[in-house]
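Residue numbers begin at 1 in each chain, while the letters A, B, ... track the order of the sequences. Keep in mind that this is a model prediction, so the values were computed, not measured. All heavy atoms count here, side chains included; hydrogens, waters and symmetry mates do not.
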Amino acid sequence: MTAPPAERNDLPSQYDAGLVEADIYAGWERSGYFLADVASRKPAYSIVIPPPNVNGSLHIGHAFEHTLIDAIIRRKRMAGFEALWLPGMDHAGISMQNVVERHLGTEGISRHDLGRAAFVERVWEYKANYGGAILRQMRRLGSSVDWSRERFTMDAGLSRAVRTMFGRMYADGLIYRAERIINWCPRCMTALSDIEVEHSDDEGELVSIRYGPLTVATTRVETMLGDTAVAVHPDDERYAHLIGTEVELPLTGRRIPVVADDAVDPAFGTGAVKVTPAHDPNDFAIGQRHGLATPSVINERGVIIASGPFQGLDRYEARPAITAALRELGLIVAEKRPYLHAVGHCDRCKTVVEPRLSKQWFVAVAPLAKAAGDAVRDGRTTLHPPEMRDRYFAWVDNMHDWCISRQLWWGHRIPVWYCSDGHVTVPGDADQPDPLTCGTCGLDGLRQDDDVLDTWFSSGLWPFSTLGWPAETEDLARFYPTSALVVGYDIIFFWVARMMMFGTYALPDVPFRDVLLHGLVRDSRGKKMSKSWGNVVDPLEWVDRYGADALRFTLARGANPGGDVPVSEEWVQGARNFTNKLWNATRFALLNGASTTEPLPAPEELDPESDWILSRLQTVVAEVDGYYEAYEFGRVCETLFHFAWDELCDWYLELAKLPLANPDLAPRTRAVLGHVFDVLLRLLHPVMPFVTETLWRQLTGGESVMVAEWPVADPSYAHRGAEEAIAELQDVVTAVRRFRSDQRVKPSATLPAVAVGGSVPFPAQVAALARLAGLGSAEQLPPGWSPVVAGRVSLGVDLSGVIDLAAERARLAKDRAAAVKERESASAKLTNAQFVGKAPAAVIDKTKARLGAAEADLARIADQLAALRSE
RNA sequence: GGGCCCGUAGCUCAACGGUAGAGCGCCGCCCUUACAAGGCGGAGGUCGCAGGAUCAACACCUGCCGGGCCCACCA
């Protein structure tokens, strides 16, 4: 796609992002630049997308994450890497099933009315109709993903990876089935892993109940129906005589033993604990140690199933009912009292989780977690920012076995078959067909496990399953390990740790070299965005209004490693203004014939202002490159923003106007202009792809900045002298401008004549100065003089009608006060530093210079005040 | 109950052992031939509090106050 170079003087004075972005993206897609070529000789650079949920839509957090990833990928592509950004989506097990069930609910039917096959069919339909919205929206943002490699966690290839992984881990004893206490959501009707449970401190009531001679306390009265013991600490003298005896369990007519167990804290409450092995993980462990029965009294819907008067009540109806019954019997010792305690909630639907004994599949995490921890400890994978390492280690070092079976219909069905004798058959390899006969006894009529796998099981394989694993594909060889993972710190455990576990288990190397953990997007007051706060924003609305580049710049600019990012529409407006500034500045360059075809003159051949901007440019190139490499996107943006706006636009373009008007000087200045804009646009491209593409094509006539070379700093253009000269010029101009402002000299009025301070080094600069400061003429004078006062004294110009002498005296007095303060500060510091003689020489010198400057200022101010007095 | 982070200009946030920065907001002046989505000038901070080590701290250490986050099977 070759963009026809537009008429150079045909650019409107405002940038309209909406006008160009869609076409540009379509052109990029057609060009094939997004595709990664396995056969290329370039070094590989790869990132797999953190797959968004199929049922979601692009929110501001995605926009943030995608901006960072795209910036990384685009820069690497320009820098000569074969860059791959692999897109895709996650089937989002519970989440997606819930969404579809809700839709069915509006039709008045449940998934059970449909049956499993029909329900799963519906989910696929839903996915086809609504899924992938995010991936389509990504085009709006400009994400340069390789669409030819798009994957889905339920597609055939990934299903094969899941089945292979399960088979291998089962064979290795890393996946097993067991009856355990698991977290159960009575609403979603499925088991959950530990991290799918959110704990919150909820108000409960601690009720003390008399069990014969003992008193126990509980927040969950209803579980007492399933108690099979009371436990006390073995060393607790108060109860030593009761150990081994039995007490009566109220309301049930059952007698239960008193057991001694170390898990009991004798200092808590009465030191006696009721034990409900089927409904509490602690109690289950106690039960195991003492061979207690494990009767379940609450079913999967949270309903009491113990026979008796409470049977059929919901757990929350049963609680007060049982309490009342106990009170009637006089068994409530103390009145119930409010008690704040941690309660687990389902992270999908917020229902209070019910610990429940059931038979589930688990991953034995110990060896995997160790490998995942080691990979970070020994530096094969690096976490950014490093503070996140502690969090990561705390998790992998203390992980419990992972419950991976879910009682859902949407997901990867567990690849396990049972015969009527209950033997388990697991196909060892993904390419084996579903087994027809039992591997143990040879019976046929096998039945597949009804459950599906935790959605994070398949996500955990993402970095290599998407590249073709278990097949040994070229993609896998070329792009694994992936170079970086860019993801929010909120899913370190859900996802990052799991990928590390699976990756180090199944492949010879880690899944990624760098992990960049970004923060959450917040509103302008630093508040977390949530629907209930009403502060969520639709990123695409901002894209519509201000353009994708403005949104991207805003997000990238706010990115500090690991930090949260506040955004507001005003920030985006500011970024939009920046795109417009770039637009107009480039337009100025184009109108003035900026050229990228003329060779850039060597430093000696240039005017100081050009030496200066090129010197600054090469510094900026080096800095920005380093910031990109360190994932310091905030600084990338900050540096480029200031260079472009404050230095290039506010000073260089103004300074360039004079040489551009001079036929002898213009060609060189045009070459410098062309070069500076060319480099600037390339540096900005990873963050602001659209506006830079538009402008870069106009400027250079090139095909696409996407595939332009990444700039490299050229230290031969470093020019200290020019930087100092321009700094001095800026000081003087600012002083004159300040004078004008103080003296209320109209901007349109030209001061009749004035002398300027500073060692302004050459005639062109004096002319520039006259222009920038609105002077009729200017001459050099010793530095440091208030311009007009100097003019009066030195040139004899009579400004008495123009100058407000009192205002000028006030200004000088103020300057003098500042100089006095500065002299004192520098002097104190110098005395201090010299006294002990430990300060580095550089510091002493610098401080001496400060002191000298302050003293010189004071002398000049005194002279000027004296001159004014004689006026 | 453990662990982590943060308290810097009105707001949101940077920086850093050696003279406090940005964006937005605010005040004043300007439609100056790239840009009013702009230009120029300016105001505004005892860097949460109290100690300590250092020639020198906003920056390092300790304690306190205030705010946030993560992990957690004490009934």
Pick the P atom in B/rA36 and in B/rC11, then give their distance to the nearest Å.
-> 32 Å
What nucleic acid atoms does A/R737 come within less than 4.0 Å of, heavy atoms only: base, sugar-phosphate, or nothing?
-> sugar-phosphate
Which side-chain N or O atoms in residues 849-858 of chain A pair as donor and acceptor under 3.5 Å with protein atoms at least two apart or in another chain?
unit_1: A/R850; atom_1: NE; unit_2: A/E822; atom_2: OE2; d: 2.9
unit_1: A/R850; atom_1: NH2; unit_2: A/S825; atom_2: OG; d: 2.7
unit_1: A/D857; atom_1: OD1; unit_2: A/R860; atom_2: NH2; d: 2.3

For RNA chain B, just give me the dot-bracket, please: Watson-Crick or G-U, both distances below 3.5 Å, ( ) intra-strand, [ ] crossing earlier pairs, | paired with another strand, . unpaired.
-> (((((.(..((((....[..)))).(((((.......))))).....(((((..]....)))))).)))))....
C1' atoms of B/rA14 and B/rC6, separation to the nearest Å | 14 Å
Output yes when a side-chain donor or acceptor of A/D564 lies under 3.5 Å from a complementary backbone atom of A/L520, and no otherwise.
-> yes
Intermediate values then yes/no, side chain to side chain contact (heavy atoms under 4.5 Å, CB included), A/V624 and A/L640 | CA-CA 8 Å; A/V624 165; A/L640 291 172; 3.7 Å; yes
When rounded to the nearest Å, what value does the distance between C1' atoms of B/rC31 and B/rA37 take?
-> 14 Å
Atom C1', compared across B/rA43 and B/rG25: separation rounded to whole Å | 13 Å
Would you say the side chains of A/D549 and A/T579 form a donor-acceptor pair under 3.5 Å?
-> no
Sequence neighbours left out, what passes salt bridge (Lys or Arg N to Asp or Glu O under 4.0 Å) with A/E569? Give chain and number order.
-> A/R545
Ring-face cation of A/R576 near A/W542 (centre distance under 6.0 Å, axis angle within 45°) = no
Please give, in whole Å, the distance from B/rG7 P to A/D564 CG?
-> 13 Å
Which parts of nucleotides 28-38 of chain B does protein reach within less than 4.0 Å, heavy atoms only, written one letter per nucleotide 5' to 3' as B for base, S for sugar-phosphate only and - for none?
-> S-----BB-BS
Using a cut-off of under 3.5 Å, enumerate the N/O to N/O pairs linking the protein to nucleotides 21-23 of chain B.
unit_1: B/rA22; atom_1: O2'; unit_2: A/E638; atom_2: OE2; d: 2.8

A/P840 near the nucleic acid: base, sugar-phosphate alone, or nothing, with a heavy-atom cut-off under 4.0 Å?
-> base
Classify the ring geometry between A/F64 and A/H518 as parallel (under 30°), tilted (30 to 60°) or perpendicular (over 60°).
-> perpendicular
Residues which pass side chain to side chain contact (heavy atoms under 4.5 Å, CB included) with A/P250, listed by chain and number, not counting sequence neighbours | A/Y211, A/M224, A/L326, A/L331
Quote, to the nearest angstrom, the P distance that separates B/rA72 from B/rC65.
-> 28 Å
Extract all donor-acceptor atom pairs below 3.5 Å that involve side chains of residues 385-397 of chain A and protein atoms in other chains or at least two apart in sequence.
unit_1: A/Y392; atom_1: OH; unit_2: A/A372; atom_2: O; d: 2.7
unit_1: A/D397; atom_1: OD1; unit_2: A/R377; atom_2: NH2; d: 2.7
unit_1: A/D397; atom_1: OD2; unit_2: A/R377; atom_2: NH2; d: 2.8

Base, sugar-phosphate alone, or nothing: which one does A/T847 contact when heavy atoms must sit under 4.0 Å apart?
-> nothing
May I ask you to establish whether A/R180 and A/F362 are in a cation-pi arrangement, using a distance under 6.0 Å from NZ or CZ to the six-membered ring centre and at most 45° from the ring axis?
-> yes
Who pairs with A/E623 by salt bridge (Lys or Arg N to Asp or Glu O under 4.0 Å), at least two apart in sequence or on another chain?
-> none
Salt bridge (Lys or Arg N to Asp or Glu O under 4.0 Å) against A/E196, all qualifying residues, sequence neighbours excluded = A/R406
Integer angstrom distance from the P of B/rC27 to that of B/rU33 | 26 Å
May I ask you to decide if the ring planes of A/Y631 and A/H384 are parallel, tilted or perpendicular, using 30° and 60° as cut-offs?
-> perpendicular
So which protein nitrogen or oxygen atoms get under 3.5 Å of nucleotides 43-45 of chain B's nitrogens or oxygens?
unit_1: B/rA43; atom_1: OP1; unit_2: A/K814; atom_2: NZ; d: 3.4

Determine, step by step, whether A/L383 and A/V376 satisfy the side chain to side chain contact (heavy atoms under 4.5 Å, CB included) criterion, reporting the C-alpha distance in whole Å, the side-chain angles of both residues, the deciding distance to 0.1 Å, and the verdict.
-> CA-CA 8 Å; A/L383 265 41; A/V376 174; 4.2 Å; yes
Which part of the nucleic acid, if any, lies within contact of A/E570, taking any heavy atom under 4.0 Å across all strands shown: a base, the sugar-phosphate backbone alone, or nothing?
-> sugar-phosphate
Does a side-chain N or O from A/R635 land closer than 4.0 Å to OP1 or OP2 of B/rA15, or not?
-> yes
Taking the side chain as every heavy atom from C-beta outward, state whether A/R289 and A/D261 have any pair of such atoms under 4.5 Å apart.
-> yes
Starting at the 5' end of nucleotides 66-75 of chain B, put B wherever the base has a protein heavy atom under 4.0 Å, S where only the sugar-phosphate does, and a dash everywhere else.
-> ---SSSBBBB
Taking only residues two or more places apart in sequence, or in another chain, which ones meet A/D265 in a side chain to side chain contact (heavy atoms under 4.5 Å, CB included)?
-> A/A267, A/F268
